[in-house]
Chemist: 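Encoded as structure tokens, here's the structure I'll be asking about.
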Amino acid sequence: MTAATTTVKVLPADLAQKVADQATVEGVTPMQEAGIFNALRTAGYSNDEIGEMTGHRACFVGWRLDLLTLCELGQLTLEAGKLPVNLAGYIAKLGPVNQGVMLTRWELGQFATCMDAEKHAQGLIREESMCAEREQAMQEAERLERDRRMPELERLASAETEEWERANRSA
């Protein structure tokens, strides 16, 4: 049996709704929405609850929250209207180096279309994910090898300690 977890809301529902309403004001930018959604998340509200308060789906809330992982240049470029929000969402899923690469290439006009840039970013996301998985697999293999060799190393260390103690006792 698992215990049900409850999230404590540090902001009353009526006040949270007033905060959420700020995300629905005409002219609010994606980064402003992300900030508002983040404030509500921090106050203990789920993406589903925030979505209900703002009239958006939970996945939309998540996409906006993802924008907060954009590097500063990405956020500024998005705010300036020079970076499409969907592309920004893909770039936000990249590590810092690839974010910089994508933003530079976008600014230099190295993609024929926004969709081309999105596809390239998606490829980088997959590549980063595969690299992370390989790194985890290598770390796990090293751990297993250490665990396999540990009894032998402990036996050798014990034998060396006994030999050292015998040598020092007779000295």
Side-chain angles (χ1 to χ4, degrees), residues 1-108 110-111 113-140 142-143:
M1 193 190 286
T2 59
T5 59
T6 57
T7 304
V8 175
K9 309 284 195 275
V10 296
L11 200 59
D14 60 332
L15 189 53
Q17 185 60 59
K18 288 180 182 180
V19 171
D21 289 344
Q22 296 303 306
T24 63
V25 173
E26 189 173 329
V28 69
T29 68
M31 288 306 305
Q32 290 169 331
E33 282 180 319
I36 292 165
F37 295 166
N38 190 51
L40 291 167
R41 283 296 307 233
T42 303
Y45 290 88
S46 70
N47 288 7
D48 286 320
E49 292 168 319
I50 297 167
E52 288 175 21
M53 288 186 262
T54 59
H56 294 295
R57 295 187 332 221
C59 59
F60 178 88
V61 173
W63 294 331
R64 286 300 191 257
L65 288 169
D66 287 345
L67 296 176
L68 296 174
T69 63
L70 269 175
C71 63
E72 185 178 357
L73 175 62
Q75 291 183 16
L76 293 172
T77 305
L78 176 60
E79 284 290 286
K82 296 179 181 178
L83 182 65
V85 68
N86 288 345
L87 177 56
Y90 288 115
I91 293 173
K93 294 180 183 301
L94 294 169
V97 172
N98 279 330
Q99 281 192 26
V101 169
M102 282 297 300
L103 290 166
T104 300
R105 291 192 62 196
W106 178 254
E107 284 288 317
L108 293 174
Q110 294 183 350
F111 297 104
T113 65
C114 183
M115 188 174 284
D116 288 341
E118 289 174 5
K119 287 179 182 177
H120 187 73
Q122 289 170 342
L124 290 173
I125 291 166
R126 282 190 298 276
E127 197 173 292
E128 284 185 355
S129 176
M130 286 188 297
C131 287
E133 289 171 7
R134 276 195 298 269
E135 179 66 26
Q136 286 177 336
M138 287 174 49
Q139 288 174 354
E140 179 64 11
E142 289 172 0
R143 186 191 63 75

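Basis for what follows: all heavy atoms, side chains included, without hydrogens, waters or symmetry-related copies.
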Chemist: Taking all non-hydrogen atoms of both residues into account, name the closest pair between Ala58 and Asp48 and its distance.
Modeler: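 Scanning both residues completely, I find the closest heavy atoms to be CB-OD1, 3.0 Å.
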Chemist: Find the distance between SG (Cys59) and CZ (Arg64) and round it off to the nearest 0.5 Å.
Modeler: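 Result: 11.0 Å between the selected atoms.
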Chemist: Looking at Ile125, is its backbone amide N or carbonyl O close enough to the side chain of Ser129 to form a donor-acceptor pair, meaning the two atoms are under 3.5 Å apart?
Modeler: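 Not at all, since once roles are kept as given, no pair shorter than 3.5 Å links the two residues.
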Chemist: Taking side chain as C-beta onward, heavy atoms only, is Asp21 less than 4.5 Å from Val25?
Modeler: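 They are not in contact (no side-chain heavy atoms under 4.5 Å apart), so the answer is no.
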Chemist: Measure across Pro12 and Tyr45 and return the closest heavy-atom pair with its distance rounded to 0.1 Å.
Modeler: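 Of all heavy-atom pairs spanning Pro12 and Tyr45, the closest is C-OH, 3.5 Å.
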Chemist: Within a strict 4.5 Å, meaning less than it, do heavy atoms of the Arg105 and Met102 side chains meet?
Modeler: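 No. Closest side-chain heavy atoms not under 4.5 Å.
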Chemist: So, do Val28 and Gln22 sit near enough that their side-chain heavy atoms are less than 4.5 Å apart?
Modeler: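 Contact flag for Val28/Gln22 side chains = no.
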Chemist: Can you check whether Gln75 reaches Leu67 side chain to side chain, under 4.5 Å on heavy atoms?
Modeler: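 Heavy-atom side-chain distance check fails, nothing below 4.5 Å.
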Chemist: Just verifying a value: how many Å separate Leu103 CG and Glu72 CD, rounded to the nearest 0.5 Å?
Modeler: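 Here the interatomic distance stands at 12.0 Å.
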Chemist: Got Glu33 and Phe60 here, is their nearest side-chain heavy-atom distance under 4.5 Å?
Modeler: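 Yes. Closest side-chain heavy atoms under 4.5 Å.
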Chemist: Taking all non-hydrogen atoms of both residues into account, name the closest pair between Ile36 and Ala20 and its distance.
Modeler: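 For Ile36 versus Ala20, the nearest heavy atoms are CG2-CA, 4.3 Å.
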Chemist: Determine whether a donor-acceptor pair (N or O, by modelled atom type, separation under 3.5 Å) exists between the side chain of Glu49 and the backbone of Leu40.
Modeler: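 No, Glu49 side chain to Leu40 backbone: no donor-acceptor pair under 3.5 Å.
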Chemist: With a cut-off of 3.5 Å and sequence neighbours excluded, list every side-chain donor-acceptor pair involving residues 81-93.
Modeler:
residue : atom : partner : partner atom : Å
Tyr90   : OH   : Gln122  : NE2          : 2.9
Lys93   : NZ   : Asp66   : OD2          : 2.9

Chemist: Given 3.5 Å as the limit, does a donor-acceptor pair link the side chain of Glu128 with the main chain of Gly95, or not?
Modeler: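 The answer is yes, because a donor-acceptor pair under 3.5 Å joins these two groups.
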Chemist: If I take atom CG from residue Leu76 and atom CE from residue Met31, how far apart are they, to the nearest 0.5 angstrom?
Modeler: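 Going from the CG atom of Leu76 to the CE atom of Met31 covers 9.0 Å.
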Chemist: Can you tell me how far the CG atom of Leu70 sits from the OG1 atom of Thr77, to the nearest 0.5 Å?
Modeler: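 So the CG of Leu70 and the OG1 of Thr77 are separated by 9.0 Å.
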Chemist: Checking Glu135 now: which residues fulfil salt bridge (Lys or Arg N to Asp or Glu O under 4.0 Å) with it, not counting sequence neighbours?
Modeler: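 Expected list: none.
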Chemist: Quick check: closest heavy atoms across Leu11 and Ala16, and the distance to 0.1 Å?
Modeler: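 Answer, listing the atom of Leu11 first, then Ala16: CD2-CA, 3.9 Å.
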Chemist: Quick one: are Arg57 and Trp63 in side-chain contact, heavy atoms under 4.5 Å?
Modeler: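 Yes, at least one pair of side-chain atoms sits under 4.5 Å.
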Chemist: At their closest point, which heavy atom of Leu65 faces which heavy atom of Ala34, and how far apart are they?
Modeler: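 Result for this residue pair: CD2-O, 3.8 Å.
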Chemist: Would you name the heavy atoms of Ala23 and Thr54 that are closest together and state the gap between them?
Modeler: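 Between these two residues, the closest heavy atoms are CB-CG2, 4.3 Å.
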Chemist: Testing Val19, Ile50, Leu68, Asn47 one by one against Phe37 for a side-chain contact (heavy atoms from CB on, under 4.5 Å), which residue passes?
Modeler: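 Between Phe37 and the candidates, side-chain contact (heavy atoms from CB on, under 4.5 Å) is satisfied uniquely by Ile50.
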Chemist: Would Trp106 and His120 count as a side chain to side chain contact (heavy atoms under 4.5 Å, CB included) here? Give the steps.
Modeler: CA-CA 11 Å; Trp106 178 254; His120 187 73; over 6 Å; no
Chemist: Identify, with sequence neighbours excluded, every residue that meets salt bridge (Lys or Arg N to Asp or Glu O under 4.0 Å) alongside Glu118.
Modeler: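 Checked Glu118 against salt bridge (Lys or Arg N to Asp or Glu O under 4.0 Å); zero matches.
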Chemist: When you look at NZ of Lys119, are more than 12 heavy atoms from neighbouring residues, nucleotides or ligands closer to it than 6.0 Å?
Modeler: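 At most 12 heavy atoms, drawn from other residues, nucleotides or ligands, come within 6.0 Å of this atom.
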